[in-house]
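Working notes, structure below.
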Amino acid sequence: TSPFVWLRTRFYYLLIRLYFDQEFSIEEFTRGAKQAFSVVSKLLSQRKLDLLDELVSGEVLQVLKEKISVLPDNHRDALAADIDAIMYTTEGDVRIYYDDDGIKFVSILMRFWYLNGANLPDEVPGETKVFQIMFGDESTKEKRHLLTANYEFQREFTEGAKPDWTITRIEHPRLLE
């Protein structure tokens with residue numbers, strides 16, 4: 001991340017604490033986002049989309065239903081991320097919105113890098129290299145792919161709104177397209 005982006009996101013976190021939620025902590029948010037990413041990615045992989053109603057926005061859920069129905073099994077398997085297999089997490093863009101009706105929203109884009117043992121080809125369509133990591137010796141090789149995902153979390157901070165974060169964007173590049 002560039003120093004400018006890092007400073008800008010820290011400024012937004014300060015604004016969130018000052019104007020929306022005095023107890024907001026990016027560390028706590030990141031822990032919750034990792035947990036949500038793991039749960040949602042596993043449910044996507046298992047095609048249990050009906051269990052995502054409270055976690056994912058309706059618009060995203062509709063798009064996912066269409067995409068998951070035609071996804072090859074190996075790509076669907078590659079969506080699942082165990083929480084212990086998440087290697088790196090970083091926040092992307094942070095935005096604060098006010099609409100014409102005075103409704104206040106905060107959205108935070110999270111980027112996840114995770115290991116997955118799905119049976120993917122060395123090259124995923126689109127000519128993007130999928131990184132592979134080998135564990136064990138020659139006789140017990142276990143191949144894992146280092147994959148990425150972007151999940152955007154949004155919360156409404158208007159007085160009286162539920163204090164829940166909802167996933168408003170799910171991207172698994174080269175897998176869920």
Side-chain angles (χ1 to χ4, degrees), residues 1-17 21 23-46 48 52 55-57 60 63-64 67-68 71-96 106-137 140-155 164-177:
T1 311
S2 76
F4 172 75
V5 172
W6 185 87
L7 282 172
R8 190 182 74 165
T9 57
R10 295 308 175 259
F11 176 71
Y12 276 117
Y13 297 147
L14 177 64
L15 290 177
I16 293 168
R17 270 195 302 278
D21 182 358
E23 296 179 19
F24 178 81
S25 157
I26 189 56
E27 293 80 15
E28 185 177 322
F29 175 83
T30 300
R31 275 193 297 279
K34 283 171 118 174
Q35 208 168 24
F37 165 61
S38 179
V39 168
V40 169
S41 69
K42 287 177 187 176
L43 290 173
L44 286 174
S45 176
Q46 298 166 2
K48 294 182 179 178
L52 296 175
L55 302 171
V56 178
S57 73
V60 171
V63 170
L64 289 172
K67 289 182 178 184
I68 293 290
L71 202 62
D73 287 343
N74 61 342
H75 284 213
R76 198 185 74 240
D77 293 343
L79 296 175
D82 287 326
I83 198 156
D84 295 333
I86 300 171
M87 299 287 100
Y88 185 69
T89 303
T90 187
E91 57 275 354
D93 199 18
V94 178
R95 294 187 179 175
I96 297 173
V106 170
S107 71
I108 301 175
L109 178 67
M110 296 296 293
R111 294 190 174 122
F112 303 96
W113 284 262
Y114 64 101
L115 290 176
N116 183 287
N119 185 20
L120 292 174
D122 291 346
E123 295 289 330
V124 174
E127 312 228 350
T128 297
K129 179 75 175 158
V130 175
F131 295 98
Q132 297 177 25
I133 300 168
M134 298 290 205
F135 295 100
D137 59 19
T140 60
K141 270 198 247 188
E142 182 182 355
K143 184 165 73 168
R144 299 260 181 160
H145 298 279
L146 181 61
L147 302 170
T148 63
N150 301 315
Y151 281 47
E152 184 176 61
F153 296 84
Q154 186 178 79
R155 178 177 168 194
D164 299 331
W165 289 90
T166 302
I167 299 170
T168 56
R169 181 169 59 172
I170 294 177
E171 297 172 342
H172 285 262
R174 307 293 179 233
L175 294 175
L176 193 60
E177 292 184 342

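Computation of the quantities below employed the complete heavy-atom set of this structure, encompassing side-chain atoms and omitting hydrogens, waters and symmetry-equivalent molecules.
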Neighbour count above 12 (heavy atom, 6.0 Å) for Q35 CD: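 Not buried by this count: 12 neighbours or fewer within 6.0 Å.
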Report, as yes or no, whether the 6.0 Å neighbourhood of atom CZ on R95 holds more than 12 heavy atoms from other residues, nucleotides or ligands.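 Atom CZ in R95 is not crowded, with 12 or fewer foreign heavy atoms closer than 6.0 Å.
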For [X] and [Y], indicate whether the former's side chain and the latter's backbone hold a donor-acceptor pair under 3.5 Å.
X   : Y    : result
S45 : S41  : no
N74 : N119 : yes
S38 : K34  : no

Is there a side-chain contact (heavy atoms from CB on, under 4.5 Å) between V106 and F24? Walk through the geometry before answering. CA-CA 12 Å; V106 170; F24 178 81; over 6 Å; no
Qualifying residue for side-chain contact (heavy atoms from CB on, under 4.5 Å) with L44, from V56, L71, L175, I68: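 Answer after filtering V56, L71, L175, I68: I68.
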Pairwise salt bridge (charged side-chain N to carboxylate O under 4.0 Å, His left out) hits with a residue in residues 71-88, at least two apart: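 For residues 71-88: K42-D82, R47-D73, D73-R76.
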Would you compute the distance between atom [atom1] of [X] and atom [atom2] of [Y] and round it to the nearest 0.5 angstrom?
X    : Y   : atom1 : atom2 : value
L14  : T9  : CG    : OG1   : 11.5 Å
H172 : H75 : NE2   : NE2   : 13.0 Å
L146 : Y88 : CG    : OH    : 12.5 Å

Taking C-beta and beyond as the side chain, do [X] and [Y] meet within less than 4.5 Å on heavy atoms?
X   : Y    : answer
V94 : I16  : yes
L64 : L176 : yes
D93 : R8   : yes

Once salt bridge (Lys or Arg N to Asp or Glu O under 4.0 Å) is applied, do any residues pair with [X], and if so which ones, sequence neighbours excluded?
X   : answer
R31 : none
R17 : none
D21 : R155
K48 : none

Listed by chain and number, what are the ring-ring contact (aromatic ring centres under 6.0 Å, His included) partners of F153, not counting sequence neighbours?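 Checked F153 against ring-ring contact (aromatic ring centres under 6.0 Å, His included); matches are F29.
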Residues in ring-ring contact (aromatic ring centres under 6.0 Å, His included) contact with F37, at least two apart in sequence or another chain: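 Applying ring-ring contact (aromatic ring centres under 6.0 Å, His included) to F37 gives F112, Y114, Y151.
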Name all residues meeting the side chain to side chain contact (heavy atoms under 4.5 Å, CB included) criterion together with [X]; count only those two or more places apart in sequence or in a different chain, and write none if there are none.
X    : value
R111 : T90, L109, W113, N150
V39  : L43, L55
T168 : S57, E152, Q154
L7   : none

For the student: nearest non-hydrogen atoms of P173 and T148, plus distance: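 Between these two residues, the closest heavy atoms are CD-O, 3.4 Å.
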List for me each residue that meets side chain to side chain donor-acceptor pair (under 3.5 Å) alongside T89, sequence neighbours excluded, and say none if there are none.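 Result, side chain to side chain donor-acceptor pair (under 3.5 Å) vs T89: none returned.
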